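So the structure is just underneath, and the comments pick up after that.
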Amino acid sequence: MSELERLQDTMMRYLLQPDADNEADCLQWVDDQHGLAAPQRLHIYANAYKARLREVIDTDHEMLGLYLGDELFEQMVSGYLAAYQSPYTSLRQYCDRLPEFLRQDSFFSQYPILSDLAGFERRLFDAFDAAESDRVPVNALEGIAANHWPILKVRFHPSVQLCQFQSNAVESWQALKHNQEPPAPRLGESRYWLLWRNQERVTEFSSLQYWQYRLMAGFLNGDDLSQQCELLLDTFDENETPGQVFAALQAWLEMGIISHFS
Amino acid sequence: MQPSDATSETLLSPYLGFGLGLRTPHYEQVLQEQPDVDWFEVLSENYMVAGGKPRYYLEAIGERYPLVMHGVSMSIGSTDPLNMEYLRSLKALANAVNPRWISDHICWTSIHGVNSHDLLPLPYTWETVRHVAERVKQVQDFLGRRILLENVSSYLSYRNSEMNEWEFLNAVCDEADCLILLDVNNIYVSARNHGFDPLDYLNVVNPLRVQQIHLAGHSDYGDYVIDTHDHDVPDAVWDLYRETLKRLGPVSSMIERDGNIPTFDELYNELGQARTIADDVLGIDAIPASKRHVFGAAQQAVQEVARV
Ligand SMILES: [Fe+2]
């Protein structure tokens, strides 16, 4: 290890864990100067490291923070910082593993809604800055030839995100967003959500019924319309299915979330 | 290694005048009102995303104003291998933005693949000079252009340092043939924290390599000063800016506000103070903004002559 690498290694170990041993190791490198004592100079860096990452969690997960309250939020910050260093060049990604942390941490995993809340907030970011693409015009279904319908495939706008939660996390998020008391946590029942970015680049979301979720998931998977209709026979009868699918496609066109038919 | 006059003429890009750091809350106003700001600096990492509002506004504002790119994650002083994935994203962004120049900081931010997201100081040794300069050359080869390195605020110095910060900065930039982004606030902050005279810095920094100036505010705790970039530019920094221009002549200058973002109009007014000081020191700000690009063009013509 070169001298420079040893210095950087020592400093980084201290920033990640500013305990007495790591501080003592750092002090071997740090000059004694007039004014502030060397340990205090190091503390400025240790504090800045923690404050910066804490602020990212606070800003990126505002509703989760409100849901937790100050004390539990600080507990989550300390836990997440200790568990996850940043391999990222942008702070945009730093909280990507927060849902995973909340699912696995022995304390926070007792409250599964927390992981769902964090996951929902991550998906909002994903919709916010996903790639742009064309959007098929609302009257596009008129131009599809009858014999093409069975093999029709749909490509969605890159901002489209499908979520499945086992809690009322999104309902709680909405309440907090409107400065209201969140409902009591309800667990165990699957809820399905669609998130996307509209033409005005505003992120939107809406709840889905299970069949709608399956239909979108199927198209995202590359399945064609005939495969999808077969799948829906356990929900609708044979005569109902085409009408329901057609209505769903028309709704997606109006939302501007279809970028391509093939 | 002092470059000859002929070489030095060709080092710097044309003068851009007075700019601002582009910040999210101001996107819509900038686009709608097209204020009389000569150029904008954008934070590279904020736009290394696939699409959405950041890329939309970047493109729209880039059609109306000259842009420069400023990054924080190159970690040019790290002993890790250069992060090629990052550099590829940076280059792709530069291809889309067509910035007048690209800058980062003379510091290290990451080691063993872990990012501190802080601009950590380097020891000012000859080993570090060679190490950083070698990496800057690789980056410049990869990007196909010179980069600017910005001096950072620091709160500690290392026992093994062999020179002053300004000697270190000059040595790296001469060795790597790169340019300087001089943050006048950071000089002030470091001077207070280390007890040096900021004029010593300004007297020695190589004027032929300073392409851009940052102006910003800080938090003063009496015993020490923290570079927060979340306050107005204080008088002490304005005074130092005046001294900077006396020594360097016209340098593209901007206000860099990172936290506690005020209204666009407040920042615009603050930029007026920079224009006033430049006018006072150099007389060039008497040239209206619309004509100032002519000044840039004239400077470019001089450079082209020098190249011949
Ligand atoms: Fe700066």
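Below, read A as the first sequence line, B as the second, and so on, with proteins coming before strands; counting in each chain starts at 1. Keep in mind that this is a model prediction, so the values were computed, not measured.
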- Item | side chain to side chain contact (heavy atoms under 4.5 Å, CB included) involving A:Q212 - partner list, sequence neighbours excluded | A:L208, A:Q209
- Task: Look only at the side chain of A:R201 and the backbone of B:G51, and say whether a donor-acceptor pair between them is shorter than 3.5 Å.
- Result: no
- Neighbour count above 12 (heavy atom, 6.0 Å) for A:R155 CZ: no
- Query: At a heavy-atom separation under 4.5 Å, does A:A130 approach chain B through its side chain, its backbone, both, or neither?
  - Reply: backbone
- Query: chain B: which of A:Y88, A:Y94, A:Y45, A:Y49 shares the most heavy-atom pairs with it under 4.5 Å?
  - Reply: A:Y45
- When the 4.5 angstrom heavy-atom criterion is applied to A:Q28 and chain B, the contacting part is backbone
- Please confirm whether the backbone N or O of B:S110 pairs with a side-chain atom of A:Q8, one donor and one acceptor, at under 3.5 Å? no
- Message: Can you tell me which portion of B:S75 sits under 4.5 Å from chain A's heavy atoms? Options are side chain, backbone, both or neither.
- Response: neither
- Note on the structure: Separation between CD (A:E200) and NZ (B:K53), nearest 0.5 Å, reads 10.0 Å
- Answer yes or no: are there more than 12 heavy-atom neighbours, outside B:E63 itself, under 6.0 Å from its atom CD? yes
- Top of B:N193, B:D223, B:V72, B:T109 for chain A proximity - count of heavy-atom pairs under 4.5 angstrom: B:N193
- Item | Other residues, nucleotides, ligands: >12 heavy atoms within 6.0 Å of B:D197 CG | yes
- In this structure, CG of A:L36 is separated from CZ of B:R192 (nearest 0.5 Å) by 11.5 Å
- Query: Is it the backbone or the side chain of A:L15 that comes under 4.5 Å from a heavy atom of chain B, or both, or neither?
  - Reply: side chain
- Query: Hey, what do you get for CG (B:D118) to CE (A:M12), rounding to the nearest 0.5 Å?
  - Reply: 9.5 Å
- Check the surroundings of atom CD in A:Q164: do more than 12 heavy atoms from other residues, nucleotides or ligands lie under 6.0 Å from it? yes
- Donor-acceptor contact present, side-chain A:Q85 to main-chain B:G113, <3.5 Å: no
- Query: Residue by residue, which of residues 151-165 of chain B have a heavy atom closer than 4.5 Å to a heavy atom belonging to chain A?
  - Reply: B:S153, B:S154, B:Y155, B:L156, B:S157, B:Y158, B:R159, B:N160
- Task: Identify which of A:T89, A:L42, A:V56 forms the greatest number of heavy-atom pairs closer than 4.5 Å to chain B.
- Result: A:T89
- Hey, does the side chain of A:R92 reach the backbone of B:N46 with a donor-acceptor pair shorter than 3.5 angstrom? no
- From B:T79 OG1 over to A:L4 CG, what is the distance, rounded to the nearest 0.5 angstrom? 5.5 Å
- Which answer fits B:H131, side chain, backbone, both or neither, if we ask what part of it has an atom under 4.5 Å from a heavy atom of chain A? side chain
- Can you tell which part of B:H112 gets under 4.5 Å to a heavy atom of chain A, answering side chain, backbone, both or neither? side chain
- Message: Nearest 0.5 angstrom please: A:E132 CD to B:R55 CZ, how far?
- Response: 11.5 Å
- Task: Could you look at A:L91 and say if it's the side chain, the backbone, both or neither that has a heavy atom under 4.5 Å from chain B?
- Result: both
- Task: For A:E254, look at atom CD and say whether over 12 heavy atoms of other residues, nucleotides or ligands are found less than 6.0 Å away.
- Result: yes
- Choice from A:Q40, A:R52, A:H34, A:M1 maximising heavy atom contacts with chain B below 4.5 Å: A:R52
- Message: If I measure from the heavy atoms of chain A, does B:N83 come under 4.5 Å with its side chain, its backbone, both, or neither?
- Response: side chain
- Item | Straight-line distance of A:S86 OG to B:H117 NE2, nearest 0.5 Å | 2.5 Å
- Message: For B:K91, is the NZ atom crowded, meaning more than 12 foreign heavy atoms sit under 6.0 Å from it?
- Response: yes
- The interface call for B:S116 against chain A, heavy-atom contacts under 4.5 Å, is both
